[in-house]
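What follows is a short report on a single structure.
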Amino acid sequence: MNEILNPVLLVAGIGLLAGLILAVVSIVMAVPKDEKAEAIRAMLPGANCGACGFSGCDGYAKALSSGEAKPGLCPVGGAAVTKSISEYLGCDAGETETKVAVVHCLGSYDFTSDKVNYEGIRTCAGAAIVAGGVASCQYGCMGLGDCMRACEYGAITVSNGLAVIDPKLCRGCSKCIQACPKHLIHFVPFWQQAVVLCSNCDKGADTNRICKTGCIACKKCERTCRFDAIHVVDNHAVVDTAKCTGCGECAKACPRHCIKMLADM
Amino acid sequence: MIKGLIAIFLASILTENYVLNKFLGICPFLGVSKKLDTATGMSVAVTVVMVIATAATWPIYTYVLQPSGLEYLQTIVFILIIAALVQMIEIILRKYIPSLYNALGIYLPLITTNCAVLGVTVLVIEKGQADASFGFVQAMVNAFGSGIGFLVAMVLFAGIRERIENNDIPKSLRGLPITLVAASLTAVSFLGFQGLVEGMLG
């Protein structure tokens, strides 16, 4: 009997002793934890996308607790997270600008075509290396879906040679913006406003030849707008989001139908 | 006596190097040897654990396990003690040297399962049984030497890896493969120390 009991007692005794010593040491040597940072970390979504500009959610939580950062930098969590954090910190949430990513191109196969029959690697980054991409518009979307694969929230669909982002599903993490080799995706503030869905910098006649819906820089929108919020820059119209009131007049006036209202997308 | 201790110390660094000769503790050897400062920090932590672990396990083996005929419990008891020691060192490091604690990161808890540490504690006892003159002091010197041997291997290899980083390596060999090749060459080069200690002090 002792043959079994002795070793068991010995090991258990050593384990108990070691446990007791550890318990004492951990109490004596306790490091005050940053409970504030941990509580804030629990509120953050944990996507670790880095869109706030810090090294993941842990880094942002630390910066928030030490007062180096303001709440509202987390686009993934959005207004809800900002509200709970600012309530916890007892500071003013400020105006959080919800922004969504928009693909600034309408060039599906209905309006434009591929200039080559691309048989290489099926990624935008790969195709962009070969003679500037497969689309006949060198500024346009190739529809090979790098942004769709980058999106963690399933907000992007690619069909008919064009990527489309659902603004209701977009969380503004900026991963698709980094993924697009044509730099077609930009953030726009998420309120009712006009967006120009063309990024073509060619002259109107050249654009017209390759795309039936691309902006030809006719400046009709510029003349229509009563708020001086839309201008032709680099041969395509650009909306000044600070001035746009979302009246929708430019979208109605555009002969190419490449200006849409964000709410209709 | 002193000469014998020096011989043990040198032998445990050069001819009986735990990493390059016995192939124990390869995980931190490959994992932490990317940068010189983390490699040094890890080696110092391992050396400290080795010495303290041997200081704790040797008496327990000699005065508790052996008299009661429970030598077969050696492995499990040693693992228990080493694990507790590493936990304690972790707590102490976090309190007093947080920069080292952050630099070591996951590798510090991994010392718990580092076979080099367990290897040292087990092998010094084996040596003590084979040679009656190999007592507690010799065991401690051996453990310290093994830790320094680990440090030597880590620092050497960190230097080699920093050089590898800047080289044009064939794509298929990049990363771990070339590291393993370099590690094996370093280990082979350490075979050159065979017989050195006996020749110097014998």
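Residue numbers begin at 1 in each chain, while the letters A, B, ... track the order of the sequences.
- Counted within 6.0 Å of CD1 on A:I121, heavy atoms from surrounding residues, nucleotides or ligands total 12 or fewer; the atom is thus considered open.
- When all heavy atoms of A:I14 and B:L80 are compared, the closest pair comes out as CG2-CD2, 3.8 Å.
- The environment of OH in B:Y63 is sparse: at most 12 heavy-atom neighbours from other residues, nucleotides or ligands sit within 6.0 Å.
- More than 12 heavy atoms of other residues, nucleotides or ligands shown are found within 6.0 angstrom of OH on A:Y153.
- In this structure, chain B has no heavy atom under 4.5 Å from any part of A:L17.
- The part of B:I81 that comes within reach of chain A is its side chain, from C-beta onward, which places non-hydrogen atoms under 4.5 angstrom from that chain.
- Here the CG atom belonging to A:L22 is positioned 10.0 Å from the CD atom belonging to B:E90, to the nearest 0.5 angstrom.
- Among B:I76, B:L65, B:L73, the one residue that satisfies the side chain to side chain contact (heavy atoms under 4.5 Å, CB included) test with A:P7 is B:L73.
- Annotation for A:L169: atom CG counts as buried by contact number, over 12 foreign heavy atoms lying within 6.0 Å.
- By the neighbour-count criterion of 12 heavy atoms within 6.0 Å, atom CZ of B:F134 is densely surrounded, having more than that number from other residues, nucleotides or ligands.
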